Amino acid sequence: AATQRLVTKRQTLDEAYAPPA
Amino acid sequence: QEKFLDQALKAVHQESFEMKRCLDKTQYVEAFKHSAILLSELRTSTLSPKFYYRLYVDIVNELSHLSTTLSHDNSSCENPLARFNEFYEVVQYAGNIIPRLYLLISVGVVYFKIEGSPRKEILKDLVEMCRGVQHPIRGLFLRNFLITMTKELLPDTPVGDDSNPAGNVADAIEIIIENFCEMNKLWVRMQHQGPSREKEKREKERRELRILVGTNLVRLSQLENLTLEMYRNTVLPRVLEQAVSCREPISQEYLMECVIQVFSDEFHLATLNEFLDACAELSPEVRIKNVLGALIDRLAIYATAEGSPGIPEDIPLFDIFSKHAGEVIGSREGMPPEDVIAIQTALVNLATKCYPDNNSYANTVFGSTAKVLKTLNITGVAPNSNVGRELMKMIKMPIEQHNDIIKVLSISELSELIKTLNYRGRCLIGAFIINNILENGTQLKEENDVNGIFELVETLIF
Amino acid sequence: WGQQIDIYIKFADEDTRKKVQIRNEEGRYEENLLYFDGESVSGEIAIKLRKRNQKYEHQGIRVDFIGQIEVYYDRGNTYDFVSLSKDLARPGELYEDTTFPFFFSNVTKSYESYVGCNVKLRYFIRVTVSRRITDVVKERDVVVHSLSCYPDTDVNLKMEVGIEDCLHIEFEYNRSRYHLKDIIVGKIYFLLVRIKIKYMEIAIIRRESVGSGPSVYNENENIAKYEIMDGAPVKGETIPIRLFLAGYELGPTMRDIGKRFSVRYFLNLVLVDEEDRRYFKQQEITLYRKAELPNRR
């Protein structure tokens, strides 16, 4: 129970490295 | 900064004292509370990366006392599994995320070591929960703490071996790469923070922190069961994907150099095309000559090292590098000529070290360099200019490598390149050649050899 | 002047029955016996005479089990939703210390005990010794917990919310109903981020609503603040949420209790930007006290 998480959506590479908008 | 750091350290030491007192009395939950307070100092925004690092080191040192005591006290506990299951939950009651995650990692590492604990879940959980820290500096240090603390825990058994409840080397690779991706993302994000007038300061700070990101690659390279196939199919593509996609020169240059440094020569030889293809996609601001130079130097050392099997015959090393160097240079329109020559120098280094008995490779490079300079209308190069320094290095290289001027004479294009230098440059080269002959006692027995040398040193003679 | 008495209320299974702590109006903790709906309430009342060899006249002794709602701003008007009474003695005299047993069988206790900002709901035993001028009254509280059992299948709470061209998020919590020792597991996915976020937290808010119709008075109380993100994310980022309710003093959701008050709980997702502007999204959740399954051999 102490390690429960929801599945995360994958972030695209473009999103990951884009400068903050 | 010193004042801020002193204030923070004072608070840290006060709470650490209380933490230790509680641990001595086995009041673990109270100890966690004091630990959370001392860890709260890592929430600061007032310290620069250098000073934050000093604070981090001190705090980690104090926190190690908690981990050690918890580990030690396990032996006298009736049901350590239940206890640590509870501790893993209790530390998550901490209201602030930074102290919570540092505590989670500290407790998680001890929990991991208990027989029967959900090891795979713990490792995965620690990596995933760190997503909550999106602040670049705080996130980098947190994830560095994670990768440091889990060093001995990563499963390093071959794929297919189910003996380790934490998984096998494939799971370890996944964890490290996930952590690496997040850290590189945070590191690159630093570049975009703050006003543009502080760009240089930011870049300097980023360079100070690069080792935090590189540690992930070091950890990958330390996996004993990392096979060439895994490196080629999983590790390298994922790392290169991050390096290329981040489109940020400081990160790109460092990551490429780091890959070259930490992984083995055999891995590099087997994945040259992939690596060099990625080089062609790097940002124009990346000093690609450093990257290519580093790789070539590495392989050249490998080729000539005592006991080394040398470059496999089925790997046309020079052709591969030559082709990719050409592509890299061709794709970068604004590449300074000195960088072009630096890349050519690296190729000469490769040719002379890896193929010492075959000067045709070196000759090709000299020929193409002379053509490039002609195309760029570069003549009369001063030896102390940027271009000149690189040219001098390039010309001297086969002479220093062979220490036998007779062998160097077969590099017919060498004289063409010498002619691109100015008077002083040609004199310096001439003197260099003559000194080399004298130092090595090279004997000139053939008329052709003498004529060849006279051609190289003709400026001095005239 | 005259004889005086001390009244002691003792419950039958006081030594074995579980005790729980409850915060009183002054904010201090009290420990009381725990009862559940349908349980009988029994015990004995001891009346001790302070002076020896002096009789004590009374007009009757009565014991009541009362469940009561009291609104603080209207103290005179309490509402007794449970009122059970037993006469212990007819008018007469007491010459010595006397004990009276009492037994209330299978008492309905529909609501959970509650002490809030403006209202409280309590259960207590009241002993009344009637006298000519002033009655002697003694009360002793008990705590009642209401248990619920919901099926494991429950819909998650998932919603997209945002401010146009500024901030769009999708939040998801794994359930809409949580028991008091449950874990809120969720995530926040950032669809658009064009503000400089400093941090994000989840607050648990208790809203106490007293009254009905147009004269409802709401009071919000921040029970917890839990930081779930430090720093500024970019588009595509997913931030995990794992919030342990056991770490907080919570009670179950109470809806329209005695048509007088409600206690509801909300999760308040708050994003704070660099200029300390707060962007929030509130979502009601149902909290309940879980009925523990009996141990089966």
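What you see below is based on every heavy atom in this structure, not just the backbone, and it leaves out hydrogens, waters and symmetry mates. Below, chain A is the first sequence line, B the second, and so on; all start at residue 1. Keep in mind that what you see is a predicted model, and the values were worked out from it rather than measured.
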Exercise for review: Go through the steps for C:Val234 and A:Glu15 under the test side-chain contact (heavy atoms from CB on, under 4.5 Å), then give the verdict.
Suggested key: CA-CA 7 Å; C:Val234 294; A:Glu15 287 169 344; 5.7 Å; no
Check your understanding: Of the non-hydrogen atoms in A:Gln4 and C:Asn174, which two are nearest, and what is the gap between them?
Key -> OE1-ND2, 4.4 Å
**Study point:** Interatomic spacing from CD in C:Glu237 to NZ in A:Lys9 - rounded to 0.5 Å
**Key:** 13.5 Å
Check your understanding: Which answer fits C:Val193, side chain, backbone, both or neither, if we ask what part of it has an atom under 4.5 Å from a heavy atom of chain A?
Key -> backbone
**Study point:** Point-to-point distance, once rounded to the nearest 0.5 Å, from CD1 of C:Ile188 to OG1 of A:Thr8
**Key:** 13.5 Å
Practice item. Check the surroundings of atom CD in C:Glu31: do more than 12 heavy atoms from other residues, nucleotides or ligands lie under 6.0 Å from it? Key: yes
**Study point:** Shortest non-hydrogen contact between A:Ala2 and C:Arg242, atoms and distance
**Key:** O-NH1, 2.8 Å
Exercise for review: Please answer whether the main-chain N or O of A:Val7 pairs with a side-chain N or O of C:Lys187 as donor and acceptor at a distance below 3.5 Å.
Suggested key: yes
Practice item. Please examine the side chains of A:Gln11 and C:Thr238, heavy atoms only from C-beta on, and report whether any two atoms are closer than 4.5 Å. Key: no
Exercise for review: Over all heavy atoms of both residues, which pair between C:Gly186 and A:Leu6 is shortest? Give the atoms and the distance, please.
Suggested key: CA-CD1, 3.5 Å
Exercise for review: Answer with side chain, backbone, both or neither: which region of C:Phe244 has an atom nearer than 4.5 Å to a non-hydrogen atom of chain A?
Suggested key: side chain
Point to revise | Atom CZ of C:Phe280 with >12 non-hydrogen neighbours under 6.0 angstrom | key: no
